[in-house]
Amino acid sequence: MRLRLVIPGSIDQATGGYRYAKRILGAWGDGPLPIVDGEPATCLARRRAGETLLIDGLALPALYDRLPLPDCAALIHHPLGLETGLAPARARALLAAEAAALGKVARIVTTSEPTRRDLIAMGVDAAKIRVVEPGTQGARAACARRGLPRILCVATLTPRKDHPTLLRALARVRGARWRAVFVGPLDRDPAQTRKVRATIAALRLGRRIVLAGERGEADLARAYARAHIFALPSRHEGYGMAFAEALAHRLPVAGVAAGAVPSVVPRKAGILVRPGDARALARALAALLGPAKRRYAANAARLRFPDWAEQARALRAALA
């Protein structure tokens, strides 16, 4: 199979969708290496005969008026209309446009079963959807972590990730010993970054929280290895790679029961609360900062996730 992946901009961007693409293509294995095309508007002019075209969901709107295309598939992490903060009319318009476009695509790959169900609810034909979940690095950190309890959050600062709720929850457990590190790009939504910084200042958490910004793979792996707890109150996740990677590093999880997160984080390995409920999230954090942490971490250590080579084979099968 000769594959051309169309994804906006550089594949080295540090978000879950881009990391999914980079990891699964890096594990592609035998045969011609996939071509990554970062310019959706001109990808068709560069396309070679016999290539399978896989269009990332973020790139798909730029090609709506060119569909249908021969030997074309779509890679959907989550429907664009489910992004947090959209006006209802805008959300409905995005969902309708995406559903119409996917109706013209021969094959669709989603990164989770909940996202598959979302597409079916939008009217997309279930028969042409295949699920290929992310893999994990496979490396597991030692269970025993020392030093001051460190809470790790890995997410781009956008409204959907809902860092302010996490900050309000952390303010409620300020009496406990902890430090928090927020890893993720700070420049994708400047207004949200300003809101997060203002919330940190208003809650007087500046000495306890580090906004570490975007980090490379090696630094990110070290952040997981040094952490004691993973916390992220996303209001929707198409899969939630950061949650799976946290569990693969034996970290108990405090999060929100939204989107695909409950399918990734079992009850015995994490505590999931309602979206936007800072008080409930604070109780979850307090439990994981106490003796319960060891029980949840031990349960996380028993979980098994597929590796990227396995998922690369699954993607090839889904596109064949």
Side-chain angles (χ1 to χ4, degrees), residues 1-29 31-83 86 90 93-111 115 119 124 128-130 132 134 155-158 160 184-190 192 213-217 238-239 241 308 311-312 315-316 318-320:
M1 175 184 293
R2 289 186 292 179
L3 179 69
R4 179 180 292 268
L5 172 68
V6 184
I7 189 166
S10 170
I11 198 172
D12 293 323
Q13 298 177 64
T15 68
Y18 286 90
R19 293 183 65 233
Y20 175 98
K22 185 175 183 179
R23 286 292 177 186
I24 208 163
L25 297 189
W28 193 250
L33 292 177
I35 297 170
V36 179
D37 199 326
E39 299 182 21
T42 57
C43 69
L44 300 184
R46 292 190 291 260
R47 187 183 186 187
R48 302 171 185 174
E51 286 181 351
T52 295
L53 194 66
L54 178 60
I55 308 172
D56 185 272
L58 292 176
L60 196 60
L63 298 173
Y64 280 173
D65 60 352
R66 305 296 296 272
L67 298 174
L69 292 166
D71 203 12
C72 175
L75 173 62
I76 304 299
H77 300 278
H78 68 86
L80 298 179
L82 297 184
E83 193 68 40
L86 295 172
R90 175 62 174 161
L94 286 173
L95 292 173
E98 189 167 19
L102 292 174
K104 300 176 184 178
V105 172
R107 288 159 289 175
I108 301 168
V109 176
T110 70
T111 54
T115 296
L119 297 187
V124 177
K128 60 183 180 181
I129 306 174
R130 298 292 182 269
V132 181
T156 305
L157 268 65
T158 63
R160 179 163 58 87
L186 304 175
D187 57 354
R188 301 301 175 85
D189 189 327
Q192 184 69 7
E214 188 172 326
R215 288 291 181 266
E217 293 291 340
Y239 175 76
M241 282 179 56
W308 285 108
Q311 296 312 87
L315 179 60
R316 287 201 300 270
L319 296 175

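No hydrogens, no waters, no symmetry mates; every other heavy atom, side chains included, goes into these values. Nothing here was measured: the structure is a model prediction, and the numbers come from that model.
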Can you tell which of R47, R107, R4 makes a side chain to side chain donor-acceptor pair (under 3.5 Å) with D71? R107
Rounded to the nearest 0.5 Å, what separation is found between the CZ atom of R160 and the CG atom of D189? 11.5 Å
Going from NZ on K128 to CG on L102, what distance comes out if it is rounded to the nearest 0.5 angstrom? 7.0 Å
E51 vs L53, side chain to side chain contact (heavy atoms under 4.5 Å, CB included): CA-CA, chis, key distance, verdict: CA-CA 6 Å; E51 286 181 351; L53 194 66; 5.6 Å; no
Do R2 side-chain atoms and A49 backbone N/O form a donor-acceptor pair below 3.5 Å? yes
If only atom types and distance count, is the side chain of K104 paired as donor or acceptor with the main-chain N or O of Y64 below 3.5 Å? no
Indicate yes or no for a side-chain donor-acceptor contact from Y18 to the backbone of P8 under 3.5 Å, with no hydrogens or angles considered. yes
Could you tell me which residues satisfy side-chain hydrogen bond (donor to acceptor under 3.5 Å, both in side chains) with T115, sequence neighbours excluded, listed by chain and number? S112
Could you give me the CA-CA distance, side-chain angles and deciding distance for L80 and L60, then say whether side chain to side chain contact (heavy atoms under 4.5 Å, CB included) is met? CA-CA 10 Å; L80 298 179; L60 196 60; over 6 Å; no
Roughly how far apart are R130 CZ and L319 CG, rounded to 0.5 Å? 10.5 Å
Minimum heavy-atom distance between P61 and G57, given as atom pair plus value: CD-O, 3.4 Å
Closest heavy-atom pair, A318 versus V132, reported as atoms and distance to 0.1 Å, is CB-CG2, 4.1 Å
At what distance, to the nearest 0.5 angstrom, does CG of L58 lie from CG of L75? 9.5 Å
Single hit among I35, I7, L54, L5 for side-chain contact (heavy atoms from CB on, under 4.5 Å) with L25: L5
Quick one, H78 with E83, criterion side chain to side chain contact (heavy atoms under 4.5 Å, CB included). Give me CA distance, side-chain angles, the key distance, then yes/no. CA-CA 9 Å; H78 68 86; E83 193 68 40; 3.3 Å; yes
Closest heavy-atom contact between L3 and W28? CD2-CH2, 3.6 Å
List the steps and the verdict of side chain to side chain contact (heavy atoms under 4.5 Å, CB included) for L63 and C72. CA-CA 11 Å; L63 298 173; C72 175; over 6 Å; no
If you compare all heavy atoms of M1 against all heavy atoms of T52, which two are closest, and at what distance to 0.1 Å? CG-OG1, 4.1 Å
Can you establish whether the number of heavy atoms outside R188 located under 6.0 Å from its atom CZ is more than 12? yes
4.5 Å side-chain heavy-atom contact, Y20 and D56: no
Going by salt bridge (Lys or Arg N to Asp or Glu O under 4.0 Å), name the residues that satisfy it together with R46, two or more places apart in sequence or in a different chain. D37, E39
Please report the interatomic distance CG(L95) to CG(L86), rounded to the nearest 0.5 Å. 9.0 Å
Quick one: list whatever passes salt bridge (Lys or Arg N to Asp or Glu O under 4.0 Å) with R19, sequence neighbours left out. E217, E245
For P185 and T156, which heavy atoms make the closest approach, and how far apart are they? CD-OG1, 3.5 Å
What pair of heavy atoms forms the shortest contact from V105 to A73, and how long is it? CG1-CA, 3.6 Å
